[in-house]
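Report on the structure given below.
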Amino acid sequence: QVQLVESGGGSVQTGGSLRLSCAASRRVFGVSDMGWYRQDPGKERELVAVITSGGSTNYADSVKGRFTISRDNAKNSVNLQMNSLTPQDTGVYYCNAKGKVVVNVEGAVSEFDYWGQGTQVTVSS
C-alpha cells in the first residue's frame, strides 16, 4: 500500500506564502500525474494544480501566477509553492498521484489513484 505524506500546511495572513510538500511512502512506478486539489466544506474537491511526469503543468484559473507546482520523479514527490495567498485559498489541500503499471507478461495494465490525508491551509484577512 502506498501512502502520500503531506506537509507544509498552516495559517497565514493575506499576502503570505506557504509551501506544501508531498512524498510517496515508497517508490511507485508508472506515476503520470501528480497534483494538488482543494476541498472546501460542503463542496467537491477541485483541482488546484497538476504536473505530468514530463513536466507539463496545469493550474486552476484562480491560482495562475501565484502558485507553482514542481515534482521530483525519482522520489515521487510534488511541491506546491503558494504566494500572495488570499482567504479564498483557504481549504484542505490533498495530494494526488495517478498512473498505470503493467501487471503481467500479457501486458495487462492496472490504473492507480492515490490520495494524501489532506493538510489544512487557512488564510486570514
Quick check: do [X] and [Y] have side-chain heavy atoms less than 4.5 Å from each other?
| X | Y | value |
| --- | --- | --- |
| I51 | V78 | yes |
| V31 | F112 | yes |
| T119 | S7 | no |
| Q120 | S11 | no |
| N76 | R27 | yes |

R38 to Y94 six-membered ring, cation-pi geometry met (6.0 Å, 45°):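 Pair R38/Y94 does not count as cation-pi.
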
hydrophobic_cluster_shared for [Y] and [X], side chain cutoff 4.5 Å:
| X | Y | result |
| --- | --- | --- |
| V92 | V48 | no |
| V12 | L20 | yes |
| M34 | Y37 | no |
| L18 | Y93 | yes |

Less than 3.5 Å apart, any donor N or O on the side chain of N79 or Q81 sitting next to an acceptor on the other?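 Absent: no donor and acceptor within the cut-off.
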
Anything under 3.5 Å between a donor and an acceptor, one on a side chain of residues 95-106, the other on a protein residue two or more places apart or in another chain? List them.
{"from": "N96", "atom 1": "OD1", "to": "K98", "atom 2": "NZ", "distance (Å)": "2.7"}
{"from": "N96", "atom 1": "ND2", "to": "D113", "atom 2": "OD1", "distance (Å)": "2.6"}
{"from": "N96", "atom 1": "ND2", "to": "Y114", "atom 2": "O", "distance (Å)": "3.0"}
{"from": "N104", "atom 1": "OD1", "to": "E106", "atom 2": "N", "distance (Å)": "3.0"}
{"from": "N104", "atom 1": "OD1", "to": "G107", "atom 2": "N", "distance (Å)": "3.1"}
{"from": "N104", "atom 1": "OD1", "to": "A108", "atom 2": "N", "distance (Å)": "3.0"}

Looking at S25 and Q3, would you say the former's side chain and the latter's main chain have a donor-acceptor pair under 3.5 Å?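 Checked: pair present.
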
Over all heavy atoms of both residues, which pair between [X] and [Y] is shortest? Give the atoms and the distance, please.
| X | Y | answer |
| --- | --- | --- |
| P87 | T14 | CD-OG1, 3.4 Å |
| R66 | L85 | NH1-CA, 3.9 Å |
| R19 | S70 | NH2-OG, 4.4 Å |
| N83 | S17 | OD1-OG, 2.9 Å |
| V123 | D89 | CG2-CB, 4.4 Å |

Nearest 0.5 Å, what's the OG-CG distance between S21 and D72?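 The distance works out to 11.0 Å.
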
To the nearest 0.5 Å, what is the distance between SG (C22) and NZ (K75)?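 It is 13.5 Å, given to the nearest 0.5 Å.
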
List, one per line, each side-chain donor-acceptor pair under 3.5 Å for residues 54-62, sequence neighbours excluded.
{"from": "Y59", "atom 1": "OH", "to": "I69", "atom 2": "N", "distance (Å)": "2.9"}
{"from": "D61", "atom 1": "OD1", "to": "K64", "atom 2": "NZ", "distance (Å)": "3.1"}

Please determine whether ring-ring contact (aromatic ring centres under 6.0 Å, His included) holds for the pair F67 and W36, giving the CA-CA distance in whole Å, both sets of side-chain angles, and the decisive distance to 0.1 Å. CA-CA 11 Å; F67 290 12; W36 290 93; over 10 Å; no

